[in-house]
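Step one of this worksheet: look at the structure below.
Since the structure is predicted, the reported quantities are computational estimates derived from the model, not experimental observations.
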Amino acid sequence: MISYHVLSLAGYLTVSIEPLPPVVIGDTVTLKCNFQTDGNLREIVWFRVTEGGSAKQKIFTYDAMYNTTYSHMEDNRRREDLVYHSTVRLPEVKMEDDGLYECHVGIYDRSSRDKVILASGSIILTVIVPPKSISVVAANSPAPFSRYEAQNFTLVCIVSGAKPAPMVYFKRDGELIDVVPNVQFSPSVGEQSKDSGQEKTKSQAALWSSQILTSRDLDDTKLQKSLSLLEQEGRLERLGQDGPEHGREQGSESDPEPSTEVIPETVVSREFPRWVQSSDPLYYFLHQQQAEGDGTIEVRAMLTWSLNPQLDNEALFSCEVNHPALSMPMQAEVTLAAPRGPKLSMSPSKAKVGDTVRITVQGFQLGPSASEVFPEPMFTWTRVGGRLLDGSEEHDGRELILERVPAELNGSMFRCTAQNPLGSTDTHTRLIVFDNPRLKKGKEHFNVMDAAATQCSLSLIAMLLLSFTCGLT
C-alpha cells in the first residue's frame, strides 16, 4: 500500500490504496482508495497505467461539483478530519487487467476556492492464471530396447498456460522422489536423438554417476563378489564407472534365422535384460521454462535416471504441480509398461488371391496397473524365412499392408516385434490365401478365348495354303 500526505496551511490530504493479494483470473476484484482530509473534496479520478507507465487510461471519475453525495461543514472554524472511500469494481478480471492502478484525489484550498490540492496513491494488481494443461511424455520415444546395456531414460512433464511459473515435482508410486539438480546438462525434449554424436554421448556418460554393469556373462558368484567389494569401498552408486567396460557380445542369439525356421502361430516371446544395476538409482532433475505470447509460461520438468526394466516395469510415476491459483495440486500419471502379448488382427479374415491384406496391432495384454503401453513402442514386421512382399527385409509401423497377395504367400509366417526401453516381445501370425473364384473364372474365360483365337488362326492359315496350292496348279 502506497500513501501520500500533503500538508499545508490551507489543509492536508492523505491518500492510500488498500493492498490486494494476487487475484485469480476470472474473479471479481474491488480496488479501494482511502483518503483523509480536513478540506473539501473536489474530485476523485482512477487511472490504469499502460505501456510501461507512458500512458494512463481513465477508468473512473467523481466530480464533487456535480454531486452532492458528500456534505460540507458549515462552520469552517470547527473543521474536522473527514475520511472518504472510493472503490472501483473489476468484474471477471482478465490477463490484460494485470498492472498498475492509481487513485488521484483533489481538495479545495481553504484559502482560495480556485486552488486545488492534489495527492495520489497507487497499487499493482497481479492477475495469476492456473495451469491449463499438464502431461507426461517420454523423451526420444519411441526407442528400442537393449538387453545388453543400460539406457538413460527421461520423463518430461509439460505444464502450460500458467502465470506465474508453477512448482513441478515427481513422485514414484506415491512417494516424493529425491532428485539431484541437473545443472550441467540441459537438453530440450528432442535433443537426445540417435544422431546426436559421440561428444554428447561422452558428456552424458560423464554426468550420470549412477551407472551399471553391462556384461551379460556375470554369474551369481561374480556378481556377489563385485557387489561386496564395491560396498567395502563405499561406491555402489558408481558401479559402472569404477569397473571395467564391457562391450556388446555377439552370440548365437544375434545370428540370422535359418530359412527353415518353424514357429507356431500363437508363440509370444519376451526378452529380459542381461545386465545388473543398483536398485537405488540417482534421479536427475532439470527445470526449464519459456514465456508464451499470451503472457503465460510453459514449464518443462525432466526426470532422468538409469532405467532398470526389471524394477521399473509397472512403476507408477506422477508429475504434480503446485500453483497459487490452485486449491489442490494438479497431477498427471503414467505407468511404465513393457509391451506384452500384442494382439494382431487380419483384414480380411479370409484372404483370397489378389486381395489387399492388412495385419494390424490392436493392443496388448496389459498388467493390473497399466492402462496402456508406455513409452510408445516401436513395431517391426518381418517374414519368417524370406522377404516381405515388396522385397524389403522389414517394415516399421503398427500396420503391415500386403497389396494384391499372390498364391505363393499362402502359409507364410509374419513376425511382429514390439519394443520399448522396458522390454521386447514377438508374436507371429500365419497368412492363409484362398483361391479367388473371380480370378479363376476370368482365367478360364481367357483360356477359352485364347483357344478360339488359336483355332481361327489355324483355319485362316489352312485357307491361305489351299488358295496358294490352287494357284500353282
Side-chain angles (χ1 to χ4, degrees), residues 22 24 128-141 150-189 192 204 207-212 234-240 277-290 296-338 367-375 420-422:
V24 180
I128 60 177
V129 183
K132 294 180 181 178
S133 64
I134 177 174
S135 60
V136 179
V137 299
N140 307 321
S141 181
Q151 303 179 68
N152 289 325
F153 184 72
T154 300
L155 285 177
V156 184
C157 181
I158 305 174
V159 184
S160 61
K163 176 183 176 290
M167 184 179 70
V168 184
Y169 52 93
F170 285 91
K171 289 184 178 181
R172 173 173 176 152
D173 296 327
E175 298 292 333
L176 185 65
I177 297 177
D178 187 14
V179 298
V180 178
N182 187 353
V183 296
Q184 302 178 18
F185 180 60
S186 56
S188 61
V189 177
Q192 300 178 6
Q204 294 180 18
L207 177 65
W208 313 127
S209 61
S210 175
Q211 297 294 325
I212 46 171
R235 296 178 296 181
L236 180 59
E237 70 279 4
R238 296 184 296 174
L239 189 58
Q277 74 174 47
S278 168
S279 60
D280 297 320
L282 290 182
Y283 292 93
Y284 292 88
F285 182 79
L286 180 63
H287 185 276
Q288 295 178 339
Q289 61 185 44
Q290 179 179 355
T296 61
I297 298 175
E298 181 187 84
V299 172
R300 297 198 171 204
M302 285 167 266
L303 184 72
T304 302
W305 75 99
S306 189
L307 189 69
N308 187 339
Q310 292 174 310
L311 298 178
D312 293 330
N313 190 36
E314 302 292 337
L316 173 65
F317 284 84
S318 61
C319 169
E320 298 194 4
V321 173
N322 279 337
H323 191 271
L326 296 174
S327 59
M328 60 186 303
M330 177 186 291
Q331 71 172 13
E333 297 180 343
V334 292
T335 299
L336 304 188
S369 59
S371 59
E372 62 178 353
V373 174
F374 183 88
N420 69 2
L422 290 157

Where do [X] and [Y] come nearest, in terms of heavy atoms and distance?
X	Y	result
P131	V321	CG-CG1, 4.0 Å
V168	A301	CG1-CB, 3.6 Å
Y283	D178	CB-O, 4.2 Å
A337	V373	O-CG1, 3.6 Å
V299	A165	CG2-CB, 4.1 Å
V159	P166	CG1-CG, 3.9 Å

Find out whether [X] and [Y] are in side-chain contact, i.e. whether some heavy atom of one side chain is under 4.5 Å from a heavy atom of the other.
X	Y	value
L155	F374	yes
N140	T154	no
C319	F170	yes
P421	L336	no

Can you list everything that forms a side-chain contact (heavy atoms from CB on, under 4.5 Å) with S141? Sequence neighbours excluded, please. A138, P375, E376
Could you list the residues that satisfy side-chain contact (heavy atoms from CB on, under 4.5 Å) with A332, not counting sequence neighbours? I134, V136
Among residues at least two apart in sequence or on other chains, which ones pass ring pair (Phe, Tyr, Trp, His ring centres under 6.0 Å) with Y169? none
Once ring pair (Phe, Tyr, Trp, His ring centres under 6.0 Å) is applied, do any residues pair with F317, and if so which ones, sequence neighbours excluded? W305
Would you compute the distance between atom [atom1] of [X] and atom [atom2] of [Y] and round it to the nearest 0.5 angstrom?
X	Y	atom1	atom2	result
N322	Q331	CG	CD	11.0 Å
R300	H287	CZ	NE2	12.5 Å
Y284	L303	OH	CG	11.5 Å
L422	Q151	CG	CD	9.5 Å

According to salt bridge (charged side-chain N to carboxylate O under 4.0 Å, His left out), does anything in residues 158-172 pair up with another residue at least two apart or in another chain? List the pairs.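 For residues 158-172: D98-K163, K171-E320, R172-D312.
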All pairs passing salt bridge (charged side-chain N to carboxylate O under 4.0 Å, His left out) where residues 323-334 contributes a residue, at least two apart: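 Of all non-adjacent pairs touching residues 323-334, none passes salt bridge (charged side-chain N to carboxylate O under 4.0 Å, His left out).
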Within the distance-only criterion (no hydrogens, no angle test), does the side chain of N313 pair as donor or acceptor with the backbone N or O of A338 below 3.5 angstrom?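 Checking the backbone N and O of A338 against the side chain of N313, a donor-acceptor pair under 3.5 Å is found.
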Could you pull out all residues at least two apart from T335 that satisfy side chain to side chain donor-acceptor pair (under 3.5 Å)? none
Set of side chain to side chain donor-acceptor pair (under 3.5 Å) partners for Q290, sequence neighbours left out: none
Any pair counted as side chain to side chain donor-acceptor pair (under 3.5 Å), so long as it reaches residues 128-139, sequence neighbours left out: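 Non-adjacent pairs meeting side chain to side chain donor-acceptor pair (under 3.5 Å): S133-S160.
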